[in-house]
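Here the structure is a predicted model, which means the values were calculated and not measured. So that the names make sense, note that chain A is the first sequence line, chain B the second, and so on, each numbered from 1.
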There are 2 protein chains.
Amino acid sequence: MTTAKPIIYLSIIEDNQFIRSGWEAILRNVPEFSIVGSFESCEDAFSTTAIEESDVILMDIKLPGISGIEGVRHVHKLHPKIAVIMCSVYDDDTHVFDAICAGAVGYLLKKASSEEIIKAIHDAVNGGSPMTPTIARKVIASFQPKERKSNQIQEELTEREQEVLTKMAQGKSYATIANELSISIDGVRFHIRNIYLKLQVHSRAEAIAEGLKQRIISPPR
Amino acid sequence: MTTAKPIIYLSIIEDNQFIRSGWEAILRNVPEFSIVGSFESCEDAFSTTAIEESDVILMDIKLPGISGIEGVRHVHKLHPKIAVIMCSVYDDDTHVFDAICAGAVGYLLKKASSEEIIKAIHDAVNGGSPMTPTIARKVIASFQPKERKSNQIQEELTEREQEVLTKMAQGKSYATIANELSISIDGVRFHIRNIYLKLQVHSRAEAIAEGLKQRIISPPR
DNA sequence: GCAACACCTGCATACTCATGTAGGAGAGTT
DNA sequence: AACTCTCCTACATGAGTATGCAGGTGTTGC
């Protein structure tokens, strides 16, 4: 089933020549893989046709010149079908999220074993997103409401207030919200006042921003 | 290294008795696992102390009575440290996101092999988020800008308009935005008018909602 | 040169929102 | 019974926003 597709074309962009040749060696050993290009910078890679011929690109996140992040953005914009797997020694939040937002489909740590790398490439072409469980946790944590730390003075919103805030975030007017909740406009005002107090804001947009930041409300799908 | 932790306590909540006993059989074979409870409904589980004694809970998403989603929410609220792994036959978006938002740390399909289940449990206790690459792709896709379909009539925002929209989403007033962009308030008005036109909205909050939905702007971290 | 486009300014008006003040009804606690 | 908390109604005022109209500049490309 997974061996139905004949050949997977790969490119590598990685400035450290030892790591690069290590990867090459690993990937050359896999019969259904074909390396179409191996570069030490995005500049080099983009000046050839290797990129557009690839199914999957392994890209270092830290590159001289055009960074890995900018590199993914570029590739993803021009060739959305190409799966870029980001590789890094870091697993800190910022890099991961930047890479994902820029269009990377997966995120591997360089300490990954050869089996993991090979599996990651297969996952990537099969429409999956290879990443370590630790990184996956960071990603899904960003969906979940933040833990209220015990020392946090932040007051919690009541259920009703959360309802109102959700509708506010959908861009509904006082009148609409009042209607949908079957209360008066002044009732809506009352709740919004309290929301502003608790979130320490003074406008609807700030409330939405704060609500999203504190994950009281979840971003629309 | 991974065997440093002595015993992992598990609970199972799954209404299909065949699957449940299948899981039990698999997990009993692992020396460092200890099953503290196995239930066919959340109601049953929550009436005992098994849940609070668990490190990891395997929970079916579709349960009679209290659903798996509500179940995770409940467990996560009371015991944030317990890792709940959602199990389902479906891998459609809604269920996955609902589960994640409710506090699940991982999401497995029922067709997972015993090795995958065992690895998932280990990942979960080690702070990872076990999930299939396909599910991971769905999750990370939700971070990336939507693909503009060719048939989409939707006009694109200019760079300047995106800047303005971003600042609007941060709750900044016309005056503040004008200041930060070093243009007049009327300049800001001009851009916002165009944003509303292109997004087909009539208020700031709607614009933010639409911008997030279309991933023109990204949710704050 | 002229059209198309992104960008910017200015002014006017009606509408929505933020905020203060003041009160009442019901549930749950001590 | 007094207290607290959530939920709701009401009215008033100033600030901020939405939208219409009318223009001006600079760049790109035919």
Contacts of B/Glu161 that satisfy salt bridge (charged side-chain N to carboxylate O under 4.0 Å, His left out) - sequence neighbours left out = B/Lys198

message = Using the side-chain hydrogen bond (donor to acceptor under 3.5 Å, both in side chains) criterion, which residues pair with A/Ser67? Sequence neighbours excluded.
response = A/Glu70

Distance, rounded to the nearest Å, where B/Glu159 contributes CD and C/dA6 contributes C1' = 11 Å

key: B/Asp186: side-chain hydrogen bond (donor to acceptor under 3.5 Å, both in side chains) partners, not counting sequence neighbours   = B/Arg189

ask   = Excluding sequence neighbours, so at least two apart, what forms ring pair (Phe, Tyr, Trp, His ring centres under 6.0 Å) with B/Tyr196?
value = none

task = Using the test salt bridge (charged side-chain N to carboxylate O under 4.0 Å, His left out), find all partners of A/Arg20 that sit at least two apart in sequence or belong to another chain.
result = none

note = DNA chain D: first to last nucleotide in contact with chain B (atom under 4.0 angstrom from a heavy atom), 5' to 3', is D/dT17 to D/dC21

query = Does DNA chain D take part in any stems of at least 3 consecutive Watson-Crick or G-U pairs (both distances under 3.5 Å), and if so, which ones?
reply = C:1-30 with D:1-30

message = So, OP1 or OP2 of C/dA18: does either fall under 4.0 Å of a side-chain N or O from A/Tyr196?
response = yes

task = Taking side-chain hydrogen bond (donor to acceptor under 3.5 Å, both in side chains) as the test, write out the residues that go with B/Ser38, two or more places apart.
result = B/Glu24

Earlier contact from the 5' end, DNA chain D, for B/Ala205 and B/Phe190 = B/Ala205

Sub-3.5 Å pairs of nitrogen or oxygen atoms, protein against nucleotides 10-13 of chain C:
from   : atom 1 : to       : atom 2 : distance (Å)
C/dC11 : N4     : B/Asp186 : OD1    : 3.2

inquiry  = So, using salt bridge (charged side-chain N to carboxylate O under 4.0 Å, His left out) as the criterion, who are the partners of B/Arg73 when residues are at least two apart?
reply    = none

message = With a 4.0 Å limit, can you tell me whether B/Thr158 has a side-chain N or O closer than that to the phosphate oxygens OP1/OP2 of C/dC7?
response = yes

query = Once you round it to whole Å, what is the distance between P of C/dC8 and CD1 of B/Ile177?
reply = 13 Å

Residue list, side-chain hydrogen bond (donor to acceptor under 3.5 Å, both in side chains) with A/Gln200, at least two apart or on another chain = none

ask   = Tell me: CG of A/Asn194 to P of C/dA18, nearest whole Å?
value = 14 Å

request  = Verify the ring-centre separation between B/Tyr174 and B/His191: is it less than 6.0 angstrom?
outcome  = no

request  = State which residues pass salt bridge (charged side-chain N to carboxylate O under 4.0 Å, His left out) with B/Lys62; sequence neighbours excluded, sorted by chain then number.
outcome  = none

